[in-house]
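Here the structure is laid out as structure tokens; the discussion comes afterwards.
All of these numbers come straight from a predicted model, not from anything done at the bench. Read the numbers this way: they start at 1 and go in the same order the structure lists the ligands and their atoms. All residue numbers in this chain count up from 1 along the given sequence.
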Amino acid sequence: MKAVVIGASAGLGRALAGCLAEAGHEVMLVARDGRDLDPVARDLSIRFDARVQWLEADLAAPDVAELRTGVLERMGGLDALFMVAGLGDDADAGIMEDVALRRLIDVNLTGPASIINAFLPDLMRNGQSHLVGVGSVAAVRGRSRNMVYGSAKRGLEFYFEALRHRLDGGGCRVQFYRAGFMDTTMLGNERPGPLVVRPEAVARAMVARLGGPSGMAYLPRRWLLAALILRLLPWPLFRRMRR
Ligand SMILES: NC(=O)c1ccc[n+]([C@@H]2O[C@H](COP(=O)([O-])OP(=O)(O)OC[C@H]3O[C@@H](n4cnc5c(N)ncnc54)[C@H](OP(=O)(O)O)[C@@H]3O)[C@@H](O)[C@H]2O)c1
């Protein structure tokens with residue numbers, strides 16, 4: 001399989017690229033800076049004797065035509081697109097700088113949608129392809145933290161739901177994951193607790209589920225119950241969950 005991983009320089013995307021390379025797939029790593037991607041590509045190529053390349057793209061303002069051309073020229077096509085990248089902001093808890101607010105929406109929603117839109121013809125023509133997106137449990141219910149991030153992720157989730165509907169029966173599986181807390185730089189200084197998992201575990205689950213049905217799922221799966229409770233919590237209780 002020829003797989004493109006957007007957000008492959010760190011965290012979950014990097015772990016996913018490792019799982020894919022280990023399973024013998026050809027991988028294109030994508031993030032903003034080749035200086036971060038090159039050592040990852042070299043490491044994976046050597047460790048797993050895999051074909052791993054990289055391309056730069058900034059989700060805040062991606063040149064989608066250039067990215068698509070780069071992927072098609074270097075790989076000769078693609079079978080899977082993994083939209084893993086994401087951005088959080090500690091200031092996202094009320095009033096924030098307009099530039100920062102727009103960046104959160106661009107990186108988490110507008111950029112991903114533009115890139116997916118550019119690759120859709122290729123994924124649809126393929127007949128046996130995969131489109132996989134990563135959202136967040138922050139999108140389960142609007143809270144006073146991660147207000148813009150959660151909104152953008154909810155928007156991305158909606159887009160994936162619509163894509164699933166559009167592509168149903170056409171040979172492109174559309175899978176979306178509401179990810180729980182992972183021990184990555186995005187989590188920042190949060191203390192690792194029982195709810196925090198290694199990104200490698202989530203990456204392995206994503207790869208294992210590639211042959212499964214289209215749709216939305218929680219990773220790790222135990223978040224399903226927590227999300228259900230959060231969703232159904234009556235407002236008088238929910239409103240107290242502020243910090
Ligand atoms: N960590 C958590 O607790 C958690 C919880 C729920 C959901 N998630 C979601 O899980 C996914 C993976 O997150 P993570 O924890 O692995 O984050 P991470 O360690 O911070 O890695 C983020 C990745 O996204 C890329 N990225 C960020 N801004 C970008 C931009 N403007 N253009 C291109 N790439 C960009 C980064 O690449 P460069 O910065 O090198 O460009 C990096 O490869 C995200 O969608 C995140 O929202 C994470």
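- Look at P199 and you'll find every heavy atom at least 4.0 Å from all atoms of ligand 1.
- Listed by number with element, the atoms of ligand 1 under 4.0 Å from a non-hydrogen atom of A8 are 43 (O).
- E200 has its side chain within reach of R204: a pair of non-hydrogen atoms, C-beta onward, lies under 4.5 Å apart.
- Using a 4.0 Å cutoff on heavy atoms, T185 counts as a contact of ligand 1.
- Here NZ of K153 is found 9.0 Å from CG of L87. Values are rounded to the nearest 0.5 Å.
- Between the CG atom of L55 and the CZ atom of R68 there is a distance of 13.5 Å, given to the nearest 0.5 Å.
- Here D79 does not pair with K2 in a salt bridge; the nearest charged N to carboxylate O distance is not below 4.0 Å.
- A salt bridge links D38 and R42; the closest N-O separation between the charged side-chain nitrogens and carboxylate oxygens is under 4.0 Å.
- Ligand 1 does not have G88 within reach: every non-hydrogen atom of the residue lies 4.0 Å or more from it.
- Residue D58 places at least one N or O, backbone or side chain, under 3.5 Å from an N or O of ligand 1.
- Within the 4.5 Å cutoff, the side chain of Y177 has no heavy atoms near those of the L12 side chain.
- Contact annotation: for A57 versus ligand 1, heavy atoms closer than 4.0 Å belong to the backbone alone.
- In summary, the atoms of ligand 1 found under 4.0 Å from a heavy atom of V134, numbered by their order in the structure, are 9 (C), 10 (O), 11 (C), 45 (O).
- Atoms of ligand 1 found under 4.0 Å from any heavy atom of L12 (numbered from 1 in listed order, with element): 12 (C), 16 (O).
- Listed here is the closest heavy atom pair of V197 and P220: CG1-CG, 3.7 Å.
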Stepwise, does the side chain to side chain contact (heavy atoms under 4.5 Å, CB included) test hold for V132 with L210?
CA-CA 9 Å; V132 181; L210 274 177; 4.0 Å; yes
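- Within the listing of ligand 1, atoms 3 (O), 4 (C), 5 (C), 6 (C) sit less than 4.0 angstrom from a heavy atom of G180.
- Around atom 22 (C) of ligand 1, the closest heavy atom drawn from P62, G86, G7 belongs to G86.
- Between L59 and ligand 1, at least one pair of N/O atoms sits closer than 3.5 Å.
- Close approach to L187 involves these atoms of ligand 1, each under 4.0 Å from a residue heavy atom: 3 (O).
- Near M182, meaning under 4.0 Å from one of its heavy atoms, ligand 1 places the atoms 1 (N), 2 (C), 3 (O), 4 (C), 8 (N), 10 (O), 48 (C).
- No N or O atom of L87 sits closer than 3.5 Å to an N or O atom of ligand 1.
- Look at R103 and D106 and you find no salt bridge, because none of the NZ, NE, NH1 or NH2 atoms lies under 4.0 Å from a carboxylate O.
- Counting atoms of ligand 1 from 1 in the listed order, those under 4.0 Å from a heavy atom of Y149 are 7 (C), 8 (N), 9 (C), 46 (C), 47 (O).
- With a 4.0 Å heavy-atom cut-off, ligand 1 is reached by the side chain of K153 but not by its N, CA, C or O.
- Atom CZ of F181 is surrounded by 12 or fewer heavy atoms from other residues, nucleotides or ligands within 6.0 Å.
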